[in-house]
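So the structure is just underneath, and the comments pick up after that.
For ligands, and for the atoms within them, numbers begin at 1 and follow the listed sequence.
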Amino acid sequence: MILCSNYAPGIVPQMEAQKKGCQQILWLYGDDYKVTEAGTMNCFMFWENKQGEMELVTPDLDGTILPGVTRISILELVREWGELKVTERSFTMQELLEGLKENRVKEVFGAGTACVVCPVGQILFKGEMYEIPTMKDGAPLASRLLKTLNDIQYGRIKSPWAVDIEDLAEEEEGIRRKAR
Ligand SMILES: Cc1ncc(COP(=O)(O)O)c(C=O)c1O
């Protein structure tokens, strides 16, 4: 018999992480510790890259991460705003730590349907706790994304992602009538 599971392998590491005072696991992959996901969220880093550009980076869909709907929504929104460089590529713990040391990292956050966006304040890596300045200025990017996505979900701003169910029902009725 083959038993398949999705979240089960994460339960014991999650309990270990909690014992160490962490709320979530930052899942790393490979010898170079590529950042993949935070808990069951996709992971974003907003930083000033080495070329001096303000950039939002998230791992690309290389098969190791879940292609979350919140992830793609954030990418589409930020690309639409046109204020930041948006990059889908893997990034490593070394890049993140170097960016922190050089005060280039502005925000790190997880993204998923449950929380929408979740700021990261600290990362425990190889026994050392690193402070992430996400909340230092109130997480302007993460907060703006949260507000925009909530506004779309609650119909406060118009978006093709939000469909009026009554309009949809009428449309379907029209199609059915035509087909008769
Ligand atoms: C492993 C994993 N990554 C990311 C996500 C976020 O995906 P979404 O934005 O579609 O909720 C989820 C959601 O359940 C997940 O289980």
Under a 4.0 Å heavy-atom cut-off, which residues neighbour ligand 1? Tyr7, Glu37, Thr40, Met41, Asn42, Leu66, Gly68, Val69, Thr70, Ala111, Gly112, Thr113
In terms of the angle between their ring planes, are Phe125 and Tyr130 parallel, tilted or perpendicular, with boundaries placed at 30° and 60°? tilted
Going by side chain to side chain donor-acceptor pair (under 3.5 Å), name the pairs with one or both residues in residues 100-111, residues two or more places apart or in two chains. Glu102-Arg104
Side-chain atoms of residues 76-85: list all donor-acceptor pairs with protein atoms under 3.5 Å, sequence neighbours left out, distances to 0.1 Å.
unit_1 : atom_1 : unit_2 : atom_2 : d
Arg79  : NH1    : Glu88  : OE2    : 3.3
Arg79  : NH2    : Glu88  : OE2    : 3.0
Glu83  : OE1    : Arg144 : NH1    : 2.9
Glu83  : OE2    : Arg144 : NH2    : 3.1
Lys85  : NZ     : Glu53  : OE1    : 3.4

Check salt bridge (charged side-chain N to carboxylate O under 4.0 Å, His left out) between Glu172 and all other residues, then give those that pass, not counting sequence neighbours. Arg176
Would you check if the side chain of Thr87 reaches a backbone N or O of Val57 as a donor-acceptor pair within less than 3.5 Å? no
For the pair Asn42 (side chain) and Leu66 (backbone), establish whether a donor and an acceptor sit closer than 3.5 Å, ignoring hydrogens and angles. yes
